[in-house]
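Read the structure below first, then the notes.
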Amino acid sequence: MTDRVAPVASSADVARRMRATRQRDTPAELALRRLLHRRGLRYQVDSRPTPKVKNRADIVFPREMVAVFVDGCFWHGCPEHGTWPKANADWWRRKIEANRQRDRKVVTTLEADGWVAMRMWEHEDLELSADRVEELIRSRRRAASSGSRE
Ligand SMILES: [Zn+2]
């Protein structure tokens with residue numbers, strides 16, 4: 001069995017809402033990218049880190065093998081701001097739970113392949129998030145340059 005959720009309670013409205021809600025280029029993503037860019041970091045946007053995962057990451061550093069995901073509070077069920085719609089509540093709950101499961105699986109797959117996956121909530125302080133990413137990138141570079149001959 002897969003964890004695919006059948007949209008049993010799906011109405012035309014729900015389907016339209018799902019299509020209309022693009023998860024890329026959210027304000028949080030754009031702002032984080034701007035901050036990272038200003039720090040001199042260069043990255044790929046909205047791309048698959050490795051063929052081993054089907055999902056795209058929001059920000060990808062191929063050489064350092066770091067994938068950053070900026071998770072929307074609604075779609076990924078943020079414990080602080082996640083809301084559960086009342087209409088089609090069951091369907092939404094399963095949909096969001098499936099998203100969360102997939103999020104965890106992507107992290108596991110990436111890590112098994114030597115990547116570091118960083119997930120952050122869109123509500124998090126962006127400067128702090130940028131700090132975390134920058135620190136990680138720099139430490140990966142240090143590790144790569146000192147560990148290559150071991
Ligand atoms: Zn949140």
Side-chain angles (χ1 to χ4, degrees), residues 1-50 52-141:
M1 289 298 288
T2 68
D3 59 7
R4 174 108 37 107
V5 176
V8 286
S10 168
S11 65
D13 270 356
V14 172
R16 195 163 48 238
R17 179 172 173 188
M18 293 205 53
R19 271 197 304 274
T21 311
R22 292 300 310 266
Q23 285 182 266
R24 72 168 290 193
D25 293 341
T26 63
E29 258 177 74
L30 290 173
L32 180 61
R33 266 148 53 183
R34 210 162 25 238
L35 287 173
L36 295 174
H37 196 269
R38 203 177 296 156
R39 292 166 187 228
L41 299 175
R42 297 298 178 262
Y43 42 78
Q44 291 173 2
V45 172
D46 193 40
S47 75
R48 281 167 75 186
T50 137
K52 292 191 179 165
V53 293
K54 275 181 286 185
N55 304 86
R56 292 156 181 268
D58 297 315
I59 301 170
V60 177
F61 296 88
R63 197 176 319 158
E64 294 83 1
M65 295 175 80
V66 171
V68 179
F69 301 84
V70 182
D71 291 338
C73 293
F74 173 75
W75 289 99
H76 299 264
C78 163
E80 287 173 49
H81 312 99
T83 53
W84 303 98
K86 290 199 178 70
N88 296 320
D90 227 44
W91 183 83
W92 279 111
R93 185 169 287 274
R94 275 184 296 161
K95 171 74 189 159
I96 291 169
E97 283 301 333
N99 283 348
R100 292 166 57 94
Q101 240 176 57
R102 193 196 53 208
D103 293 345
R104 286 191 291 268
K105 196 175 159 217
V106 169
V107 170
T108 311
T109 308
L110 284 173
E111 287 179 351
D113 205 30
W115 284 71
V116 175
M118 248 180 135
R119 303 205 80 101
M120 48 191 63
W121 293 108
E122 65 180 350
H123 72 248
E124 286 185 65
D125 183 297
L126 290 169
E127 287 281 354
L128 291 180
S129 297
D131 285 348
R132 282 167 59 204
V133 174
E134 186 180 8
E135 230 167 81
L136 178 61
I137 294 300
R138 303 217 181 282
S139 87
R140 295 282 279 180
R141 284 178 185 165

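When a ligand or atom number is given, it counts from 1 through the structure's own listing order.
- Distances from the Zn ion (ligand 1) to the N/O/S atoms of H123 are shortest for ND1.
- C73 contributes SG and C78 contributes SG; the angle these two atoms make at the Zn ion (ligand 1) is 120°, rounded to 10°.
- Residues L32 and E122 form no side-chain contact, since every pair of their non-hydrogen atoms from C-beta on lies 4.5 Å or further apart.
- With contacts defined as side-chain heavy-atom distances shorter than 4.5 Å, the pair Y43/I137 does not qualify.
- When distances from the Zn ion (ligand 1) to the N, O or S atoms of H81 are compared, ND1 comes out shortest.
- A salt bridge is defined here as a Lys NZ or Arg NE, NH1 or NH2 lying under 4.0 Å from an Asp or Glu carboxylate O, and D131 with R39 meets this definition.
- In this structure, W115 and T109 have side chains that are not in contact, with every pair of non-hydrogen atoms separated by 4.5 Å or more.
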